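Computation of the quantities below employed the complete heavy-atom set of this structure, encompassing side-chain atoms and omitting hydrogens, waters and symmetry-equivalent molecules. Both counts, for ligands and for their atoms, begin at 1 and track the order of listing. This structure is a prediction, so every number in the text was calculated from the model and none was measured.
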Amino acid sequence: MRSPKDFFAPLAVGAPEPVREIPALPSRMIHFFDPSNEKMAAKVPDIAKKVDVLLGNLEDAVRADRKEAARNGLVTIAKATDFGGTQLWTRVNSLDSPWVLDDLVTLVTEIGDKLDVIMVPKVEGAQDIHYVDRLLAQLEARAGLTKPLLVHAILETASGVANVEEIAGASPRMQGISLGPADLAASRRMKTTRVGGGHPGYLVRTDPTGEDLNAGRTTYQQDLWHYTVARMVDACAMHGILPYYGPFGDIRDVVACEDQFRNAFLLGCVGAWSLHPVQIDIAKKVFSPAPADVAWARRVIAEMGDGTGAVMIDGKMQDDASYKQCRVVAELADALAERDPELAKAYDEATKEALA
Ligand SMILES: CC(C)(COP(=O)(O)OP(=O)(O)OC[C@H]1O[C@@H](n2cnc3c(N)ncnc32)[C@H](O)[C@@H]1OP(=O)(O)O)[C@@H](O)C(=O)NCCC(=O)NCCSC(=O)C[C@](C)(O)C(=O)O
Ligand SMILES: [Mg+2]
């Protein structure tokens with residue numbers, strides 16, 4: 001382990017100073033596209049206006065014979081596009097693959113000044129982040145970059161989950177972690193064949209009501225991902241980085257997608273991935289707090305004054321702890337409102353009504 005004194009020292013001569021805090025930029029949806037797919041690439045300038053994060057994917061879902069085309073396509077798109085306030089991320093190939101070294105060398109050298117975050121798949125432990133950390137510092141120094149690239153890990157192996165706390169704290173570059181439910185299911189030998197989402201077989205049942213064990217018993221489907229998401233959220237919060245739900249592969253089932261995203265939002269995640277344009281608005285809706293909730297949070301903050309003591313608002317007790325929860329919601333709303341004028345208006349109107 002590095003000495004705490006050295007933690008914020010650059011890992012290569014001439015590399016930029018590591019950041020001390022991860023910026024809490026809006027990242028409700030990380031929109032995936034394949035830069036080697038001409039149809040998708042053509043949509044990038046338009047999609048960039050609608051999403052918080054655009055991610056050029058080089059790993060799984062890009063065919064082996066398209067890996068170089070995807071890497072070069074991302075370089076071309078990044079150089080040609082003005083992304084405005086939208087962040088540009090990439091997901092590089094896994095660290096044991098034949099492509100990742102060229103991914104990192106090419107992307108940092110060619111478009112390191114345009115990229116915000118590098119997503120690293122199949123992270124097993126802190127050692128994977130340490131490898132990327134040093135290599136990025138060397139490449140940043142050589143490219144003369146002045147802003148450090150941040151790193152995002154995908155939690156998609158059993159060992160990654162077991163080591164999630166050390167991964168979250170492995171480097172000042174760590175920006176966040178996403179759940180990777182498909183690879184994680186395979187790694188754990190779960191008996192599912194889906195990309196995220198629930199499973200009708202994973203349930204609990206009410207007690208029998210009589211002799212007939214099948215009669216009158218309600219079943220409730222449970223969330224397969226609750227344990228992992230909750231662990232990931234704690235690890236991220238502990239290290240001041242951001243947790244995300246990952247992909248929801250049943251593109252047609254926009255209803256269950258919204259449910260899964262909302263569970264993650266309520267548990268503490270700041271965003272999810274959109275794999276298809278139809279999932280962009282779902283993530284936007286779910287990961288932007290509802291105007292009524294924002295209005296309530298702002299009202300509690302206003303009525304709590306310095307945030308100490310206990311007061312009653314509409315029959316509900318408020319104290320320091322509920323005040324802190326309200327601040328989480330209100331601060332998120334403020335950050336989103338800065339990026340989204342429509343949302344800003346909806347939040348202000350609801351607040352005016354609540355305070356009237
Ligand atoms: C699902 C697919 C095949 C359906 O693609 P489609 O063409 O069949 O769908 P469509 O409904 O017919 O598409 C309509 C239009 O939208 C376009 N389009 C469609 N998607 C996008 C997009 N993302 N961005 C921009 N444009 C898109 C598409 O090209 C088409 O354009 P057109 O009207 O001009 O013909 C397609 O959406 C796709 O390939 N999406 C990305 C998939 C991906 O990135 N997967 C990897 C992330 S999940 C993962 O890796 C797991 C994880 C974490 O690692 C782990 O759990 O282990
Ligand atoms: Mg995966």
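- Taking the N/O/S atoms of D183 in turn, the shortest distance to the Mg ion (ligand 2) belongs to OD2.
- Residues satisfying the salt bridge (charged side-chain N to carboxylate O under 4.0 Å, His left out) test with D133, not counting sequence neighbours, are R2, R173.
- A salt bridge links E165 with R231: the closest approach of a Lys/Arg side-chain nitrogen to an acidic carboxylate oxygen falls below 4.0 angstrom.
- Residues forming a salt bridge (charged side-chain N to carboxylate O under 4.0 Å, His left out) with R339 (at least two apart in sequence, or on another chain): D52.
- P16 and T146 make their closest contact through CB-O, 3.3 Å (heavy atoms, listed as atom of the first residue, atom of the second, distance).
- The ring pair (Phe, Tyr, Trp, His ring centres under 6.0 Å) test applied to H31 returns no partner, not counting sequence neighbours.
- Using a heavy-atom distance under 4.0 Å as the criterion, the protein contacts of ligand 1 are H31, F32, K39, M40, K43, I47, N57, D60, A61, R91, E156, G180, P181, A182, D183, P247, W273, L275, H276, P277.
- Sorting the N, O or S atoms of E156 by how far they are from the Mg ion (ligand 2) puts OE1 first.
- Residues T90 and G56 share a closest heavy-atom pair of OG1-O, 2.8 Å.
- A donor-acceptor pair is defined here as one N or O able to donate and one able to accept, closer than 3.5 Å; such a pair exists between the side chain of N93 and the backbone of L58.
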